[in-house]
Amino acid sequence: MSKYKIETKCIQSGYEPGNGEPRVLPIYQSTTFKYSSSEQMGRLFDLEESGYFYTRLQNPTNDAVAAKICDLEGGAAGMLTSSGQAASFYAIMNIAQAGDHIVCASALYGGTYNLYAHTIRRMGIEATFVDPECTPEELNAAFRDNTKAVFGESVANPALVVLDFEKFAQAAHAHGVPFIVDNTFATPINCRPFEWGADIVTHSTTKYMDGHASCVGGAIVDSGNFDWEAHAEKFPGLTQPDETYHGIVYTQRFGKGAYITKATAQLMRDLGSIQSPQNAFLLNIGLETLHLRMPRHCENALKAAKYLKGHEKVAWVNHPSLEGDKYYDLAKKYMPGGTCGVLTFGLKGGRDAAVRMMDSLKMIAIVTHVADARSCVLHPASHTHRQMNDTELLEAGVQPDLIRFSVGIENIEDIIADLEQALLHV
Ligand SMILES: *Cc1c(COP(=O)(O)O)cnc(C)c1O
């Protein structure tokens with residue numbers, strides 16, 4: 001971890017050119033890397049030496065960007081993935097297998113819910129979803145002997161529930177398993193989950209990190225803090241010999257890099273969800289301004305939330321930085337500088353009014369995306385979460401009339417003017 005402040009890390013971390021080398025991180029647009037001896041190449045394949053040989057495993061552009069994200073989170077090792085979904089999948093698959101179980105806070109991104117509730121279940125891994133506001137006793141009751149991880153989102157998309165990090169970290173650690181946090185919405189600018197007990201962080205870099213809606217991508221960062229060997233019987237994949245690498249033991253050989261090395265050497269090798277170096281290059285440019293964009297997103301979202309709250313046609317507004325919000329106190333504790341640029345609201349006219357208002361917006365677009373420079377809206381019940389029934393929707397914290405509003409970094413007066421004219425049509 002560098003000693004720089006977070007703003008400096010956004011610019012400087014991950015890539016340090018040598019004398020006469022390009023000042024800007026180059027795109028290593030090469031699938032493969034050349035060696036002059038067959039012996040050396042062999043040692044790379046055995047993980048006895050570190051070096052590049054095939055971009056599915058590692059690529060210098062991707063590694064530099066992963067190192068920057070790792071530094072922003074204050075972690076020990078990191079990797080990029082092709083998408084946030086791939087990051088959520090790998091984060092669990094790296095430590096759980098058929099017959100295992102995980103505990104998740106139920107307020108989750110729709111894609112993550114599907115992945116954990118259905119897809120990994122077909123692979124034999126079961127998930128228990130707990131109310132994020134459960135008591136510590138209820139949370140403890142969700143654990144089983146075969147539980148391998150606890151998962152939650154720092155600020156849930158789109159429920160905007162702020163995770164009670166300390167409660168979940170305590171339960172995870174009391175049961176000898178790591179606490180994994182999806183920090184997509186808060187970003188490391190607003191929240192550092194490792195400082196509150198998280199062991200592993202995942203990201204959809206598609207959102208604020210890229211920031212311009214240009215590249216789908218993901219990342220996983222390991223704090224290096226979880227002691228796999230203290231719970232060796234639960235995590236044989238990390239603490240027992242890997243026969244596909246001549247019996248190396250990841251925790252013994254790689255220490256704090258064990259989890260990420262295993263995810264790269266096994267999961268990326270076999271499943272291949274890599275980020276393209278071109279996308280990593282663009283992501284890196286996004287990261288350079290993350291510390292400037294996040295405060296503006298948050299400022300605009302709070303102003304838009306206050307405007308909507310005061311409007312006669314608006315029934316309710318949720319934004320964790322809005323005073324009086326259910327999650328205001330948790331937000332103040334875990335992300336005092338701001339939460340995210342996303343808010344949700346409902347209109348007194350319900351679902352039909354929501355659709356009419358959205359169709360009347362001129363600058364603010366209806367898109368599936370969220371968390372980029374341009375303001376946009378979405379109706380989760382008819383879009384991202386449409387595969388869920390009403391019970392599942394409510395469990396995920398999504399009311400049927402909820403409009404998700406991702407407030408961009410345009411001038412706030414233009415954003416509010418567009419809301420105002422659209423509300424005239426309701
Ligand atoms: C979008 C999103 C994901 C999935 O990421 P993709 O890059 O779209 O695969 C996961 N978690 C959260 C919180 C998200 O917002």
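Both counts, for ligands and for their atoms, begin at 1 and track the order of listing.
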Taking the six-membered ring for Trp, are Y113 and F129 ring centroids under 6.0 Å apart? yes
Quick one: CZ on R374 to NE2 on H369, what's the gap to the nearest 0.5 Å? 9.5 Å
For atom 9 (O) of ligand 1, what's the nearest protein heavy atom and its distance? Q85 N, 2.9 Å
Enumerate the atoms of ligand 1 whose separation from the nearest heavy atom of T206 is less than 4.0 angstrom. 6 (P), 7 (O)
Among all protein non-hydrogen atoms, which one is nearest to atom 12 (C) of ligand 1, and what is the separation to 0.1 Å? D182 OD2, 3.4 Å
Option with minimal heavy-atom separation from atom 14 (C) of ligand 1, where the choices are H203, K207, M209: K207
S88 N/O to ligand 1 N/O under 3.5 Å: no
For G217 and ligand 1, answer yes if some heavy atom of the residue is under 4.0 Å from a ligand atom, otherwise no. yes
So which protein heavy atom does atom 6 (P) of ligand 1 come closest to, and at what separation? G84 N, 3.3 Å
Best match, F185, Y208, Y109: closest heavy atom to atom 4 (C) of ligand 1: Y109
Would you verify whether the NZ or CZ of K207 falls within 45 degrees of the ring axis of Y109 while also being under 6.0 Å from that six-membered ring's centre? yes
Where does the angle between the aromatic ring planes of F33 and Y52 fall among parallel (under 30°), tilted (30 to 60°) and perpendicular (over 60°)? tilted
Side-chain donor-acceptor pair under 3.5 Å between H425 and D359, yes or no? no
Going by the angle between their ring planes, with limits at 30° and 60°, are F53 and F45 parallel, tilted or perpendicular? tilted
